[in-house]
Amino acid sequence: MIQYFSEETSVETVNARMGTTTTPRMAEVMSSLVKHLHAFAKEVHLTQAEWDIGIEFLTKTGQICSGERQEFILLSDVLGFSMLVDAINNRRPAGATENTVFGPFHVENAPIRTMGENISLDGKGESCLFEGKVLDLHGNPIDGACVDVWSDNADGFYDVQQPDIQPKWNNRGRFITGRDGLYAFRGIKPTSYPIPDDGPVGKMLAQMGRHPYRPAHMHFLVTAPGFHKLVTHTFVGDDPYLDSDAVFGVKQTLIAPFERLEDADTLWRSPFDFMLTPE
Ligand code: BEZ
Ligand code: FE
């Protein structure tokens with residue numbers, strides 16, 4: 001007997017249409033998506049007016065996307081989905097440095113700088129020395145690791161958000177370790193900032209009674225031949241947004257020391273070692 005659509009059998013009816021030419025993985029993912037999507041609508045008894053708002057929201061989310069702006073990733077981030085997918089795909093042994101959210105502000109091919117060089121080019125903010133080692137799980141230094149770093153400036157903006165105001169490559173750089181595995185650079189003690197909240201995701205956050213702020217952090221992308229890529233941040237420990245990061249990126253192990261220095265040129269020091277896992 002033909003099975004026509006009904007509320008009771010909605011999942012089975014839709015999933016029965018899966019073609020025979022699809023891949024097993026596509027069939028698995030799509031049938032699960034249909035199952036959970038239908039369960040969601042049934043659980044909340046979604047009204048037609050609410051679904052119309054949902055469609056309008058998704059439409060606006062797509063329309064605001066451009067080469068510089070990815071609102072769907074932002075949506076995934078604020079729903080904790082980016083962190084969940086990252087956690088599922090980066091289960092690591094104890095001691096290995098944990099991943100966190102990549103974010104939209106990384107720029108490829110930042111200048112390769114000499115060890116100790118200052119990445120803060122706009123003269124704003126409290127200077128901070130970031131230093132430590134890139135190590136394997138046995139504590140051996142990793143030679144030739146690339147430590148790619150980026151942060152917002154003292155006003156809470158990345159250079160790419162203010163191309164007419166900030167110098168190009170402000171608060172960015174790549175540092176290549178030697179045989180001692182050491183990295184060191186000067187930047188600024190990071191400041192907390194709001195994620196872009198002038199679009200549909202920002203409006204959604206406001207309607208959910210949530211703020212858009214991220215606690216102050218320095219981004220690190222650490223790569224080395226033979227090791228898994230590490231995408232992470234270090235966080236400033238006394239930040240008021242540590243327990244309410246808009247994108248759920250904070251992990252206890254990523255909260256770094258920020259020690260006050262007496263040096264007139266460098267006000268802070270933040271030591272942190274990175275432990276990579278072998279491929
Ligand atoms: C960031 O830390 O740069 C970031 C992460 C997720 C969304 C927006 C910004
Ligand atoms: Fe950031």
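In each ligand, atom 1 is the first atom listed, and ligand 1 is the first ligand listed. FYI, side chains are in, hydrogens and waters are out, and symmetry mates aren't considered; it's all heavy atoms of this structure.
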Practice problem: Return the orientation label for the H217 and H219 ring planes: parallel under 30°, perpendicular over 60°, tilted otherwise. | Solution: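 Perpendicular, since the angle between the ring planes exceeds 60°.
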Ring geometry between F5 and H38 (parallel below 30°, tilted from 30 to 60°, perpendicular above 60°): tilted
Q. Is there a side-chain contact between K168 and V107, using heavy atoms and a 4.5 Å cut-off?
A. no
* Compare all side-chain heavy atoms of D159 with those of N171 and state whether any distance is below 4.5 angstrom. =>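 The answer is no, as the side chains (C-beta and beyond) never meet within the 4.5 Å cut-off.
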Distance from atom 9 (C) of ligand 1 to nearest protein heavy atom, with residue and atom: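 Here the closest protein heavy atom is P104 CD, 3.3 Å.
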Note the single closest protein heavy atom to atom 3 (O) of ligand 1, along with its residue, its atom name and the distance in Å.
->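 Answer, as residue, atom name and distance: Y193 OH, 2.8 Å.
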Charged N to carboxylate O below 4.0 Å: is that the case for [X] and [Y]?
| X | Y | result |
| --- | --- | --- |
| E259 | R269 | yes |
| R214 | D239 | no |
| R179 | D143 | no |

Check your understanding: Does at least one non-hydrogen atom of H217 fall below 4.0 angstrom from an atom of ligand 1?
Key -> yes
- prompt: Is it true that W150 lies under 4.0 Å from ligand 1, counting heavy atoms only?
  reply: no
With heavy atoms and a 4.0 Å threshold, my read on which part of F102 contacts ligand 1 is neither
Counting heavy atoms under 4.0 Å, the part of I73 that contacts ligand 1 is neither
Problem set entry | Within 6.0 angstrom of M26 CE, more than 12 heavy atoms from elsewhere | no
Inset, instruction - Following the transitive rule for hydrophobic clusters with a side-chain heavy-atom cut-off under 4.5 Å over Ile, Leu, Val, Met, Phe, Trp and Tyr, establish whether I55 and L46 coincide in one cluster. - result: yes
Are any of the N/O atoms on D77, whether in the backbone or the side chain, positioned under 3.5 angstrom from an N/O atom of ligand 1?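 No - when backbone and side-chain N and O of D77 are compared with those of ligand 1, no distance drops under 3.5 Å.
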Measuring from the Fe ion (ligand 2), name the closest N, O or S atom belonging to H219.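 Nearest N/O/S atom: NE2.
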Note: OH(Y158)-the Fe ion (ligand 2)-NE2(H217) angle, rounded to 10 degrees, equals 110°
Can you tell me if an N/O/S atom from S151 lies under 2.8 Å from the Fe ion (ligand 2)?
->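 For S151, the answer is no, given that no N, O or S atom comes within less than 2.8 Å of the Fe ion (ligand 2).
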Problem set entry | Contact flag H233/the Fe ion (ligand 2), N/O/S atoms, threshold under 2.8 Å |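 For H233, the answer is no, given that no N, O or S atom comes within less than 2.8 Å of the Fe ion (ligand 2).
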Practice prompt. Please confirm whether Y183 and F175 have ring centers closer than 6.0 angstrom.
Written response: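 For Y183 and F175, the ring centres are not under 6.0 Å apart.
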* Which of these, D197, V101, V201, I195, has its nearest heavy atom closest to atom 8 (C) of ligand 1? ->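 When every heavy atom of D197, V101, V201, I195 is considered, I195 comes closest to atom 8 (C) of ligand 1.
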For [X], counting its heavy atoms only, list the atoms of ligand 1 lying under 4.0 Å from any of them.
| X | result |
| --- | --- |
| G103 | 4 (C), 5 (C), 6 (C) |
| L74 | 7 (C), 8 (C) |
| H219 | 1 (C), 2 (O), 3 (O) |

